[in-house]
Protein chains: 4
Amino acid sequence: MASTYSMASTSFGANSRFDRQLSRILNHATAIFCEKGYEGASIRDLSRASGLSLAGLYYYFQSKDELLYLIQKHLFTSVMERLKENLKTAADPEKRLRIFISNHLAYFLARPKAMKVLSHEDDVLKGALGAEIRTLKRQYYHCCADLVEELKLTKKLKFKSRAVVLCLFGMMNWIHTWYNPRVDGDAATVAREIGNVFLRGIYASTSGR
Amino acid sequence: MASTYSMASTSFGANSRFDRQLSRILNHATAIFCEKGYEGASIRDLSRASGLSLAGLYYYFQSKDELLYLIQKHLFTSVMERLKENLKTAADPEKRLRIFISNHLAYFLARPKAMKVLSHEDDVLKGALGAEIRTLKRQYYHCCADLVEELKLTKKLKFKSRAVVLCLFGMMNWIHTWYNPRVDGDAATVAREIGNVFLRGIYASTSGR
Amino acid sequence: MASTYSMASTSFGANSRFDRQLSRILNHATAIFCEKGYEGASIRDLSRASGLSLAGLYYYFQSKDELLYLIQKHLFTSVMERLKENLKTAADPEKRLRIFISNHLAYFLARPKAMKVLSHEDDVLKGALGAEIRTLKRQYYHCCADLVEELKLTKKLKFKSRAVVLCLFGMMNWIHTWYNPRVDGDAATVAREIGNVFLRGIYASTSGR
Amino acid sequence: MASTYSMASTSFGANSRFDRQLSRILNHATAIFCEKGYEGASIRDLSRASGLSLAGLYYYFQSKDELLYLIQKHLFTSVMERLKENLKTAADPEKRLRIFISNHLAYFLARPKAMKVLSHEDDVLKGALGAEIRTLKRQYYHCCADLVEELKLTKKLKFKSRAVVLCLFGMMNWIHTWYNPRVDGDAATVAREIGNVFLRGIYASTSGR
DNA sequence: TATGAATGAGTGTTCATTCAT
DNA sequence: TATGAATGAACACTCATTCAT
């Protein structure tokens, strides 16, 4: 599997020695943050895992905060890129929403650790770095909200959009606490199931009641 | 509001001086774990918040781990107690499932910090304490799963129970990341909405597809 | 020799266990700051010297900065106290200025390390702590400047007071770079010599030229 | 203003590319040592300030110690050179001592940062480098002491030469803690004032008392 | 000449925890 | 019941320095 962090279209882009090394480090860091949480993880853990010296790591990032920032930024950026690519193939509102769901699950079920880091360490980053991440997250949320709105208009449905969209995110994101590929099937299967519950749930709504 | 931790029916039961003090401490600890996470929180934070000395706190618990254990155990125990009480009033399967949802939300939206601690610090506890918490959690999960199964049989529905129940938990538990009483209404309102999406979603299912 | 830091009239006052220990620590810290400079000294050095554990030290102060602050504050406060006491015994302006000089030298030649720390780490402290120290220092300077002004008026002398007072401080404070009791005599001797150079120097001045 | 460090008569002499670059580096280093002290300053600070890479700097010096050595050696060497030049113009003992004072102040008030580094980091250097600097310093001290002795003999004065010379150095070197050109006038003015205090001070001495 | 990449040793500070009282 | 005093281990991070290129 190619490095998660070195895709030509992101800032980790150019496949220089530096970028490849950074991407290796970020992958290790993701795994460690997943396992122990941001606070519980130590740069020493990362040093052990990556084989670099403690001091050597700091050549690649400025602080533990920045490490988390780089990870989260990359994830939001690249899941969104893929989403945009995938959405090009469909015009039907329902299909488009199903694409959102399956894009999200395909991306994150392939990176279960990343998914956990993203939802767990949601509000850790303060200051400018945190603000940038929150902006990316809001953009991603709005992609989904817009698709739901599109569907709502087309089908003349009645429901509180905010609550409904957040329910959908709840179903999708909670998955990292239980997903087991052998029991639950692949990402497409889970996406179909969640899509079913969600779409039937909102199609049946004719009033707020 | 009576202390969350000193209800007659739990082990913190008897309203002794010890129990009342412990319950105060656990409330402070919950708030701190919520704000900073288990790893990020320090016993010194708790000392400051509670007004007790660092050493004095250890009269009430053996370790930081046990502190989290006491909190989580109490929460699962008491939400389950309330659930059992509330379920006594209804026999209709749908109504009973709606009671599960509203019981969960009423309990946890009144204790948003506790809800966050429960989902955030889900897998922190290792060893015997962790095992006990996981058992309680499984029991609670099965309460819900049984209600869904009951409904499925009655209404002759077709769906993968496991996936569907976990979707429901996802919708309910994700709520701590977005719930705002002024925007989203009270617990009963949110429970109705989540119930709607979920029940309509599964009612409409006639096959696994 | 009684501890430098536990005089009844200062804030290190009450001879409690805590205060005695703190005063021991501050004495060690003074010696270390003197030898290696503030930046060059490490809390580990202090741990070694004092026999307390690294962590144990932090029971007595909040930060390395505060350590320096405590030392400097104590020195300025107590040299000033002694000065006020000593000045009570004389009314003659020249005698009073000679008292300033001999008080300064008696105090600091008995604490050569303290003298070096005070002049070397003059501008290290930033923020509130630094401001407080600078205020104390300014007060001490003005004590001296007032005595010089008194003499200038009495004897109708002509000179730039600022330059002259700062010359006097220069002579007194530079001493830590060269003073050797066996070669240079005791504090009273040095004070007499500096007093001579200074007083004859300003008595002979009738114009700014 | 020509570089402080690349004068034909010093070892940084020949105006080669190397020497010009080294001289730039030493100027930056002086500023940084002045601002943060020797211990507090880091080679990284110097890298930032000079624009050279961390590793690149080491082409110009062997160690941080040598950096300080080069600075201090240059300062003593070149202030002494100028002194010798200036002393050629006068034969009268008093005039010659006044030349020492004004040469010292003219040189160092034009390089306030250098003056601070010289007095602050006086005893930092250990081993051979430190010994060499101490030798230069002693030579400079003796230049002054000889001039004072000359005057003492000529005018048949009585005082402890050592104490008196060190008083003079105290007045001159302490200046870096207070000198403000707008308030205190130029170097010549300050030199006259210090010369006045000092010369009148010793002229008036007819006994050690 | 100059740099990118790396390191071992050290920094100030905080941690959960203990023990005599 | 509760605390003051203390500790070993760990923390994030920076240091001066090096070496292949």
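Sequence lines set the chain letters: A, B, ... in the order given, protein chains first and strands last, and positions in each chain run from 1.
The stretch residues 55-64 of chain A comes close to DNA chain F through A:Ala55, A:Tyr58, A:Ser63, A:Lys64, each having a heavy atom under 4.0 Å from the strand. Listed by residue number, there are no residues of residues 116-134 of chain A with a heavy-atom contact under 4.0 Å to DNA chain F.
The gap from the P atom of F:dT21 to that of E:dT1 amounts to 22 Å, rounded to the nearest Å.
Residue B:Leu54 is classed as a base contact, given a heavy-atom separation below 4.0 Å to a base. In this structure, C:Ser53 reaches the bases: a heavy-atom distance under 4.0 Å links it to at least one base atom across the strands shown.
The side-chain heavy atoms of B:Asp19 and B:Asn15, taken from C-beta on, include no pair separated by under 4.5 Å. You'll find the side chain of C:Leu75 reaches within 4.5 Å of the side chain of C:Ile71, heavy atoms only. A:Lys137 places a side-chain heavy atom less than 4.5 Å from the side chain of A:Asp122.
Residues passing the side chain to side chain donor-acceptor pair (under 3.5 Å) test with D:Ser47: none are found, sequence neighbours excluded. By the side chain to side chain contact (heavy atoms under 4.5 Å, CB included) test, B:Ser63 pairs with B:Asp65, B:Glu66, sequence neighbours left out. Residues passing the ring-ring contact (aromatic ring centres under 6.0 Å, His included) test with A:His28: none are found, sequence neighbours excluded. Residues meeting the side chain to side chain contact (heavy atoms under 4.5 Å, CB included) test with B:Lys116, sequence neighbours left out: A:Asp123, B:Cys34, B:His120, B:His176. Applying the salt bridge (charged side-chain N to carboxylate O under 4.0 Å, His left out) rule to B:Arg48 yields the partners B:Asp45; only residues at least two apart in sequence or on another chain are considered. Annotation: side chain to side chain donor-acceptor pair (under 3.5 Å) contacts of D:Tyr69 (sequence neighbours excluded): D:Lys73, D:Glu132. For the ring-ring contact (aromatic ring centres under 6.0 Å, His included) test, residues two or more places apart in sequence or in another chain that qualify with B:Phe61 are B:Tyr58. Remark: A:Lys64 pairs with no residue by the side chain to side chain donor-acceptor pair (under 3.5 Å) rule, at least two apart or across chains.
Comparing B:Tyr38 and C:Gly40 by the nucleotide of DNA chain E that holds the closest heavy atom to each, the one mapping nearer the 5' end is C:Gly40. Where A:Gly51 and C:Ser42 each meet DNA chain E at their nearest nucleotide, the meeting point lying more 5' is that of A:Gly51. In terms of position along DNA chain F, the nucleotide closest to B:Arg44 lies nearer the 5' end than the nucleotide closest to the other residue of the pair B:Arg44 and A:Asp45.
Here the range on DNA chain F touched by chain B, meaning any atom under 4.0 Å from one of its heavy atoms, is F:dT1 to F:dG4.
Remark: side-chain polar atoms of C:Gln72 are paired, donor with acceptor, to backbone N or O of C:Glu121 under 3.5 angstrom. The backbone N or O of B:Leu54 lies less than 3.5 Å from no partner atom in the side chain of B:Arg44, so there is not a single donor-acceptor pair.
For the pair A:Glu39 CD and E:dT14 P, the computed distance is 14 Å after rounding to whole Å.
With pairs defined as Watson-Crick or G-U wobble and both atom distances under 3.5 Å, the stems of at least three pairs that touch DNA chain E come out as E:2-21 with F:2-21.
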